[in-house]
Amino acid sequence: MRTSSLTLCFATLCMLASPVMAAPSAPDRAAELQNAPARKPATPDELDQYAQREQQAQKLEQFQGGRGNTIELTTLLIIVLIVLLVVLIV
């Protein structure tokens, strides 16, 4: 009986402390967004930096990391360990 009452108290505390309860309502958030200052457009320097980052990111799309003989080496290592265990046990 004590465990269930402690569980109930803990669950109640979690629900009261949840961030959903503290979040502003949708109308309040909409009013905040309407009163927010307008965004300023990007400068030419920022646009150039963005273009450079995009070019660098295109190179990453062709990246094939992790390819190699790691699967074969791992399999070989596991087989060697199993053989050692069998030899030591028998």
Side-chain angles (χ1 to χ4, degrees):
M1 183 74 175
R2 181 175 180 200
T3 304
S4 62
S5 62
L6 285 175
T7 305
L8 179 64
C9 290
F10 181 71
T12 305
L13 286 173
C14 289
M15 288 172 43
L16 291 175
S18 70
V20 174
M21 301 292 282
S25 64
D28 293 340
R29 182 71 179 137
E32 288 177 14
L33 291 176
Q34 287 178 351
N35 297 333
R39 290 184 176 184
K40 55 183 179 179
T43 63
D45 291 337
E46 291 173 339
L47 291 174
D48 290 338
Q49 290 175 355
Y50 179 76
Q52 289 174 355
R53 286 195 306 268
E54 284 295 320
Q55 286 178 350
Q56 291 173 351
Q58 287 178 354
K59 296 175 186 174
L60 291 176
E61 290 177 3
Q62 300 170 356
F63 178 72
Q64 296 181 357
R67 300 194 118 189
N69 297 334
T70 56
I71 295 175
E72 292 82 9
L73 291 174
T74 305
T75 305
L76 182 64
L77 182 63
I78 291 172
I79 291 172
V80 168
L81 288 175
I82 290 173
V83 168
L84 283 174
L85 284 173
V86 168
V87 168
L88 290 174
I89 292 174
V90 176

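What you are looking at is a predicted structure, and each value in this text was computed from that prediction instead of being measured. Here, residue 1 is the first one in the sequence, and each next residue gets the next number.
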Inter-residue atom distance Gln52.CD - Gln55.CD, 0.5 Å rounding: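 Atom-to-atom, Gln52:CD and Gln55:CD are 7.0 Å apart.
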side-chain hydrogen bond (donor to acceptor under 3.5 Å, both in side chains) partners for Glu54, two or more places apart: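 Residues passing side-chain hydrogen bond (donor to acceptor under 3.5 Å, both in side chains) with Glu54: Tyr50.
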Counterpart residues, side-chain contact (heavy atoms from CB on, under 4.5 Å), relative to Val83 (two or more places apart):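 Val83 satisfies side-chain contact (heavy atoms from CB on, under 4.5 Å) with Ile79, Val87 only.
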Give me the other members of the hydrophobic cluster that [X] sits in, counting Ile, Leu, Val, Met, Phe, Trp and Tyr linked by side-chain heavy atoms under 4.5 Å, directly or via other members.
X     : answer
Leu85 : none
Leu47 : none
Ile82 : Ile78, Val86, Val90
Leu77 : Leu81

